[in-house]
Amino acid sequence: MAKSIDTGTMISETFQRKVIEPSTPSAYSDSCHVGPDALLGIKRQQTNPTRWNGQSWQEFAAALRDHDIELRENIAARGTFATDAGGTAYGLPHGVVIARSAAQVSALLKAAQQFRVPVTVRGGGLTTEGESVAFGGVLLDMTGMSQVLHVDTDALTVRTEGGIFWHSLAEELRRHGMDYLSAPLNLTSSVGGTLGVGGIDVNSPRLGCSADQALSVQVVTPRGNIVECSDTQNAELFQRVILGYGQFGVITEATLKIRRYTPLRMHYFYYDSLRIAVEDMQLLNRNDASDYSGILTIMDCAVNLLVAFDSDEREAAFRANWQSHLRGHGEPGFALCMLRRYVLRPWKLPEAWFLFQRKRELFPEFRRSEYMRDGLMHDRTVVFSRAVWKFWGSKQMVIPDLATSAEKFVEAVERGNAVCRKYFPHYTLYCVGIKLRPEHKAHYEMSCIPPDAEGWAYGCEFEPMIGGQVYSRDYFQSFKNAIYDIGVDLGGSYYRFGGMMKGYIRRVFGDEVVDRHLAMKREADPAMILNRDVIF
Amino acid sequence: MRTVDVIIVGAGLSAAAAAKRLVDAGLETIVLERQKLPRHKICSGILSPRGHRFLLENFGPLPREVLHDPVSCRGVTFHFPSMVSMPMDFFGGTTPHLHRKEADYWAVKSSGAEIHDQTSFVGLQDNGDHVIVKARRMGEPVEYRARQVIGADGPSSQVIRAIYPDYPQSIPWFFVGQKFHEIIECPLDEQYFHFWFHPGLGHYTWSHARDGRQIVGVGFKSGDNFAKKHANVVNYLSDKHGVRLGEPLDDEGCAENFGPSLINRYVFGKGNVLITGQASGFLNMIGEGMSCALHSGAICGEAVVEARLRNRPMQEMYRRMIASEVRRTTDQWNPLKIAFDRPHEADFPAALMAMGWRDRAKVLRDLWSFIVLYKEFKWGRQIFRAAMQRPLIGGYSMKRWL
């Protein structure tokens, strides 16, 4: 049975504080008793796409040359794109085209449609399941289109090309004293790619996912038509393209909402229970008590709730009304808490040592003098993005995730945490809320936004710290599957369900929704050439 | 001389899996097979659920012609000399009963690699940056030049012989043979794979139904007489289980390198030559090697791709990546894991606990007397050492691999 989106109900938020329930020890660690490598049953369904056979490639290449489109076929150019940030899928395109203009992309897609040559579109290549890896065919590198076209400081909008990285956009906006609303913490993702899949930031609980800041986009459809679309103009295409995983067109330009730049007033609270930290974060979100909030764990018993503000007034209001409700500790209080914990459990001292080391390495990184002035954090995205790559990123980004409604979130996090513990010695959870736009329900269908979420959706990324270890793809995939199975079980969604994980799409969204989207895709892309193997 | 990226010797399941990964990554790959494809393969064909999933995920749904009849298997039944029988279902439902001749051909074709059958591997020469492979195609000598060579040619691997000529003498060899009988009367449930823990019958004794016949198989240390061993099992089945079989209509047998996965003595190759699948020693506890072959083959392919892209030493990359498959396979033989974890794909501890005290004691006693059968190989201390290593270093020592 398909889980269709219930459009009838409006958001009903009780702005009351939830009753504090005593946190119960997690029951999940006992229920999944199987050793991590012993995969049970047949449940997992990971797809390893077949390489395209190269039929009529020569004719296609000739057609591109006729249009003066530069096609790079040498091994060095193709090898650059052999894998993505996930590092588990490998594929080699037959040729690479660097995007230069919408007209060029249009000509490329028309030829591809005619000769049935798969086109894989790539921005920053920060996918984890091979969505931006070309298993043969042509790879369209969007980073060639990375100009900011126009900044309007009165209307608070920016028009930019789709292949620009967020950090380049930020740089340009700063010159005008502006900032984007929200961008992924990983700033080398491209604007077009992010609009296609979602994007979360620590201000998403207030400003929504990154894709929701798009006012309008210029799209080249799979048949090669250049179309401008927005909520009012070609709304149906707009609904499909935003959070559409690149199935319905290539985003060549976008108009985004922007805002005035503000530095951040940071607060950190520390918890020894995931559940309480999540509940407190949800409390802040429900009551609009902070401008930024998010959870980053060092270990499951050392959880950091980050709260930040754009203005002194908001910060003062938080201090007066909400700070006392939070059950987290400050740094000294938490140190005492940990001291007590390890005095009582001396056999866990290596864990304490790890925590201490991590604190010593990590904390200064968030307080570097070049970004902190008068106690305010400037360029938060640079600070976070830097730290993410330095301390969490490795050659392979393994970040399965769960997205659920607010009610199911604590359970999802706790179950996912139990899975992480089984597979990896050290890992980080990153949890954040995403404010939903009720008028964008159509955008959210078959996306990372869970169908049953009202008001806010919540996402948690489970990120093992791999360090120098080498694990096989099978090990990573079985870990991801263990996480994703929780999502199926809870009726949630995911941020990274495409590519090799596309086997989950029907399990999560149901046949009715998927078939409807497939019919639309077939209509829009008869030869099924644009971003093959990502969703369908 | 043909120059390609990778030559894979053998066209079985591990070769297909490795070829799939290499071809996906855009590497030009040739698979060499001694016989004409599709070729016969001696195997029970009972795939583990994990292997079934691998096939589905990489090669798509299984066509009917790659399956025997009955098309699937529900689980395994253990039989003990004290006449206790323990049926156990596989986790996650039934698994396919593969017709290896057709299934292997289907998989290797689906991988997209170029296949040269009737081409037997003769030898190789690793020149550091490339390997020259010598082969014979229908009697005519042929040569290939490749960056890497993958030996996926089963237990009596010619590729291993080429790089480690003394290896075959250094491990104990077993012989497994099966005969196909006409069924007169067979009370053994045809939905299960039947296995006997009986020291009097052999080191590895099994029976199951295939295409209207009953297979009776027995494995033993090389040197014993197959006909005698087999007749002994047939008599036992008739006496104790009421299985009445006609004369065998067909028989087959092969040498097996049973043992490396018990004691963590795998062979992974040298330089640009990588060994994978059962050639390297992977075998699950019930003697099922197909799922390990598929997974280790895939890892081998991934390692080649990874090492070439990152410009890392081939062997180091392969060994580090294969460690997870070694852990999973050797865990199946690790007594501590069996007692306290769930390394298998059917729940032996649960089936054991479901029995009465008396039966439980019988089973444990019979198991012990069966294990004693393996005493002569002096594996006890090595198994103990491996079992202790597991919790201490989180895996099995790489130093014991060849």
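Residue numbers start from 1 in every chain, and the chains themselves are labelled A, B, ... in the order their sequence lines are given, proteins ahead of strands.
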Nearest 0.5 angstrom please: [X] [atom1] to [Y] [atom2], how far?
X	Y	atom1	atom2	answer
A/Asp474	B/Glu302	CG	CD	8.0 Å
B/Glu57	A/Gln477	CD	CD	8.5 Å
B/Lys20	A/Arg51	NZ	CZ	11.0 Å
B/Asp24	A/Leu92	CG	CG	11.0 Å
B/Met321	A/Tyr471	CE	OH	13.0 Å
A/Thr80	B/Leu309	OG1	CG	10.0 Å

- Task: Could you tell me which portion of B/Glu306 (side chain, backbone, both or neither) has an atom closer than 4.5 angstrom to a non-hydrogen atom of chain A?
- Result: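 Contact with chain A involves both backbone and side-chain atoms of B/Glu306.
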- Task: Answer with side chain, backbone, both or neither: which region of A/Thr83 has an atom nearer than 4.5 Å to a non-hydrogen atom of chain B?
- Result: neither
In terms of heavy-atom contacts, does [atom1] of [X] have more than 12 from other residues, nucleotides or ligands at under 6.0 Å?
X	atom1	value
A/Arg358	CZ	yes
B/Arg400	CZ	yes
A/Gln55	CD	no

- Task: Please report the closest heavy-atom contact between B/Val305 and A/Tyr90, naming both atoms and the distance.
- Result: CG1-CG, 3.5 Å
